[in-house]
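These notes are about the structure you will find just below.
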Amino acid sequence: MTGQSRRIDEILQDRMQTIQAIAAANTTQLRLTQKASGLMVLDMKDDRDGVEHGNHDTAQARNQAALETNLARIDRLQQALARLDDELEAAVKEEGA
């Protein structure tokens, strides 16, 4: 049982690290979303001011790519968390047997 208890501890440590990574990725997603909103405001300002070619297109494209990449990272981390939860459930059942 001692080895099994350590196994559960290892799973819990991995789970905690994954949760922390998800939180960091969510923070990044929020920051990127705020940046996208700011760039949209700048575009509206350019439209209002009659500026035909604002130079926000490149920044918007980069930010959109970063949003999509980070969202994919969040998805991968959530899948990893689900696998860890399944592994933890199996380890707990095995210990109880």
Side-chain angles (χ1 to χ4, degrees):
M1 281 214 192
T2 305
Q4 193 64 17
S5 186
R6 183 179 318 151
R7 176 90 173 122
I8 289 173
D9 288 347
E10 290 172 0
I11 296 167
L12 288 172
Q13 283 181 337
D14 288 347
R15 190 175 189 282
M16 182 60 73
Q17 289 174 351
T18 302
I19 290 169
Q20 289 172 339
I22 290 170
N26 281 331
T27 299
T28 298
Q29 196 71 8
L30 176 61
R31 181 184 54 78
L32 291 168
T33 300
Q34 289 172 331
K35 184 175 181 179
S37 296
L39 290 168
M40 286 180 5
V41 168
L42 289 175
D43 276 346
M44 289 187 311
K45 182 183 177 304
D46 286 350
D47 288 345
R48 185 194 68 200
D49 295 343
V51 176
E52 289 185 31
H53 299 290
N55 38 347
H56 310 294
D57 292 341
T58 303
Q60 285 174 333
R62 271 192 302 236
N63 195 67
Q64 184 61 37
L67 276 164
E68 291 168 9
T69 299
N70 194 60
L71 190 56
R73 180 172 186 252
I74 291 170
D75 288 340
R76 285 191 307 274
L77 287 166
Q78 288 175 335
Q79 290 170 9
L81 182 61
R83 287 190 300 272
L84 286 168
D85 285 345
D86 291 343
E87 185 180 358
L88 180 60
E89 182 179 359
V92 168
K93 283 181 182 177
E94 186 177 315
E95 184 179 281

How long is the gap from [atom1] on [X] to [atom2] on [Y], to the nearest 0.5 Å?
X: Thr69; Y: Arg62; atom1: OG1; atom2: CZ; answer: 13.5 Å
X: Ile8; Y: Glu94; atom1: CD1; atom2: CD; answer: 8.5 Å
X: Leu77; Y: Ile19; atom1: CG; atom2: CD1; answer: 11.0 Å
X: Leu71; Y: Arg76; atom1: CG; atom2: CZ; answer: 10.0 Å
X: Arg48; Y: Lys45; atom1: CZ; atom2: NZ; answer: 6.0 Å
X: Glu68; Y: Gln64; atom1: CD; atom2: CD; answer: 4.5 Å

Taking all non-hydrogen atoms of both residues, which atom of [X] and which atom of [Y] are closest, and how far apart?
X: Arg73; Y: Ala25; answer: NH1-CB, 3.5 Å
X: Ala36; Y: Leu67; answer: CB-CD1, 4.3 Å
X: Gln60; Y: Met40; answer: NE2-N, 4.1 Å

Contacts of Gln13 that satisfy side-chain contact (heavy atoms from CB on, under 4.5 Å) - sequence neighbours left out: none

Side chain to side chain donor-acceptor pair (under 3.5 Å) partners of Asn70, counting only residues at least two apart: Gln29

Run Gln78 and Ile74 through side chain to side chain contact (heavy atoms under 4.5 Å, CB included) and show every step you take. CA-CA 6 Å; Gln78 288 175 335; Ile74 291 170; 3.8 Å; yes

Check salt bridge (charged side-chain N to carboxylate O under 4.0 Å, His left out) between Asp85 and all other residues, then give those that pass, not counting sequence neighbours. Arg15

For a 4.5 angstrom cut-off between non-hydrogen side-chain atoms, does Gln17 reach Asp14? yes

Apply side chain to side chain contact (heavy atoms under 4.5 Å, CB included) to Ile22 and Thr18, showing your working. CA-CA 6 Å; Ile22 290 170; Thr18 302; 4.2 Å; yes

Does this structure show an ion pair linking Arg7 with Glu87, if we count only N-O contacts that are shorter than 4.0 Å? yes

May I ask whether Leu12 and Leu84 are part of the same hydrophobic cluster, defined by side-chain heavy atoms of I, L, V, M, F, W, Y residues being less than 4.5 angstrom apart, directly or through others? yes

